[in-house]
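The basis for the numbers below is simple: all heavy atoms, side chains too, and nothing from hydrogens, waters or symmetry mates. Protein chains get the first letters and strands the later ones, always in sequence-line order, with residue 1 at the start of each.
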There are 2 protein chains.
Amino acid sequence: MTGQVRTVDGRVAGRRGQATRQKLLDCLSEMLSSSPYRDVKVIDVARKAGTSPATFYQYFPDVEGAVLEIAEQMATEGAQLTSLVEGRTWVGKSGWSAAEELVDGFLEFWRRNDAILRVVDLGAAEGDKRFYKIRMKILNSVTNSLTESVKELQAKGKVDKDVSPAAMAGSLVAMLAAVASHQKGFQAWGVKQAELKPNLALLVHLGITGKKPTR
Amino acid sequence: MTGQVRTVDGRVAGRRGQATRQKLLDCLSEMLSSSPYRDVKVIDVARKAGTSPATFYQYFPDVEGAVLEIAEQMATEGAQLTSLVEGRTWVGKSGWSAAEELVDGFLEFWRRNDAILRVVDLGAAEGDKRFYKIRMKILNSVTNSLTESVKELQAKGKVDKDVSPAAMAGSLVAMLAAVASHQKGFQAWGVKQAELKPNLALLVHLGITGKKPTR
DNA sequence: TACTTGTCCTGTCATGCCGTCAGCTTACCG
DNA sequence: CGGTAAGCTGACGGCATGACAGGACAAGTA
């Protein structure tokens, strides 16, 4: 857990080195949004960064290694998604706005990081534990909070006993992630953002509380 | 729209040729389930099929082209998913079993084709229209049927007017697809299939009818 | 200024996959 | 048996990969 940035061959990276490294990550990031993951080549990233392939291999074992790095950075930022759920109440009007803001925050985060999230999703689905862990890191914060919310409501007798809080929270979060990563698809299919959001919020509210929201 | 199978250079494939072609597709399919999409090489597929790379290029322009072929086959089979929704009623006990069977059928289909569906999902998310179209072909049958169901219920005044049928159906289907493609993930996270299914069914029922099911 | 030290970058090379072509083999038909 | 089209492959130029050794550069030291 040291902050020490190291090259592949063990040297400690200085100021200049870190700048180069970061530039490579930025260029890779950009590349991922403009061309299919399968076609991203080290040589292209290096060229774009105004350096040579050899330099790339000084800092990363391969493309995947660099992608993991970017994903890690994003996951750290993504931890703030918890704030969308934590300390929220799900009753009455504030319940509805909680649902709305959760949906909003989620879609926004996904839109901002869609390229890298696609790759993380693929890696996780393919069974790669490193990607899976990162995906967890992002989703867990939200999922856990939601799980707690459901448990509380259950304890108060406001939600049926036979609902599994973890399964429900997980399903809702998976839905949000899926819809978020196919936002463009929905638009192309004739569903506008404006009508998508309230429907998602409705589903979230229904899932958590089991009741229609009072708006 | 002819059933004529043609090679890249325009010849018509005979019995032997079609067999080879199919063998290549099968090997590619197998390869996709055992190694990351990014690492699937033409030469490996060819070796596995006991033939040479040059032969592969006789039948497919590249790996992606072959993947599209497999996906197309799967999409054709997937059209039968419509039957999970079409002609179903969403009231009373039969409403609950409709939800249950929809979830069941969906998860099962996804489990059977998870490798290829992963790649289709990635392609669609990356904005490739061909993959997007295939994804549509599979999901649309279900989505459209669900959309109709919601519209009918709305017409009868059983569902709020401000629900967008298309957005609701799309979100639910996206959820099912997402959960299906991360089934292993859920298990690793401690959520069992057995508790996942009823929760998904509950969400589907809530989304379509706006009411808790009577079991 | 000249020298030293450690960081940083690149030219180069062996290796391996890509994608194409010419040409050989096989099957079918009159 | 000879012709024709299908089917397959060896071989090749081209390009990405990944490793290494050595040169460029900045910063500190005498």
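Using a 4.0 Å heavy-atom criterion, one finds that A:Arg16 contacts the sugar-phosphate atoms exclusively. Note on A:Arg15: only backbone sugar-phosphate atoms sit closer than 4.0 angstrom, heavy atoms only; bases stay farther off.
Distance alone, capped at 3.5 Å, places no donor-acceptor pair between the A:Gln187 side chain and the A:Gln193 backbone. A donor-acceptor pair is defined here as one N or O able to donate and one able to accept, closer than 3.5 Å; such a pair exists between the side chain of B:Ser149 and the backbone of B:Ser145.
Remark: P of C:dC9 and CZ of A:Phe60 are 12 Å apart, rounded to the nearest angstrom. If you measure from atom CD of B:Gln18 to atom C1' of D:dA6, you get 12 Å, rounded to the nearest angstrom. A straight line from CZ of B:Arg47 to P of C:dG16 spans 10 Å, rounded to a whole angstrom. Distance CD (B:Gln22) to P (D:dG7): 14 Å, rounded to an integer number of Å. Here C:dC8 presents its P atom at 13 Å from CG of A:Leu24, a figure rounded to the nearest Å. Distance B:Ile43 CD1 to D:dC12 C1': 14 Å, rounded to the nearest Å. Across the protein-nucleic acid pair, B:Lys23 atom NZ and D:dC8 atom C1' stand 14 Å apart, rounded to whole Å. Atom-to-atom, CG of B:Asp39 to C1' of D:dG18 comes out at 15 Å; the value is rounded to the nearest Å.
Each of D:dG18, C:dC17, D:dA19 was ranked by its minimum atom distance to the side chain of A:Asp62; first place goes to D:dG18. Taking every side-chain heavy atom of B:Val12 into account, D:dA6 is the closest of D:dC8, C:dC9, D:dA6. Comparing C:dC18, D:dG10, D:dT17 by their closest approach to the side chain of B:Lys41 singles out C:dC18.
At least one side-chain nitrogen or oxygen of A:Tyr59 sits closer than 4.0 Å to the OP1 or OP2 atom of C:dC9. Contact annotation: B:Thr20 side-chain N/O to D:dC8 OP1/OP2 distance is under 4.0 Å. At C:dT20, none of the side-chain N or O atoms of B:Tyr57 fall inside 4.0 Å of OP1 or OP2 (strictly under the cut-off). Regarding contacts with the backbone of D:dT9, a side-chain N or O of B:Thr51 is found under 4.0 angstrom from either OP1 or OP2. A close approach under 4.0 Å does not occur between any side-chain nitrogen or oxygen of B:Thr7 and OP1 or OP2 of D:dA6. Side-chain nitrogen and oxygen atoms of B:Thr55 include at least one within less than 4.0 Å of the OP1 or OP2 phosphate oxygen of D:dT9.
Cation-pi geometry between A:Arg38 and B:Tyr37 is satisfied (NZ or CZ under 6.0 Å from the ring centre, within 45° of the ring normal).
With the nearest nucleotide of DNA chain D identified for both B:Phe56 and B:Gly10, B:Gly10 has the one nearer the 5' end. Between B:Gln58 and B:Val63, the residue anchored closer to the 5' end of DNA chain C is B:Val63, taking for each the nucleotide with the nearest heavy atom.
B:Asp26 and B:Gln22 share a donor-acceptor pair across their side chains, judged by distance under 3.5 Å alone.
Of the charged side-chain nitrogens involved, at least one lies within less than 4.0 Å of a carboxylate oxygen, so that A:Glu108 and A:Arg111 count as a salt-bridged pair.
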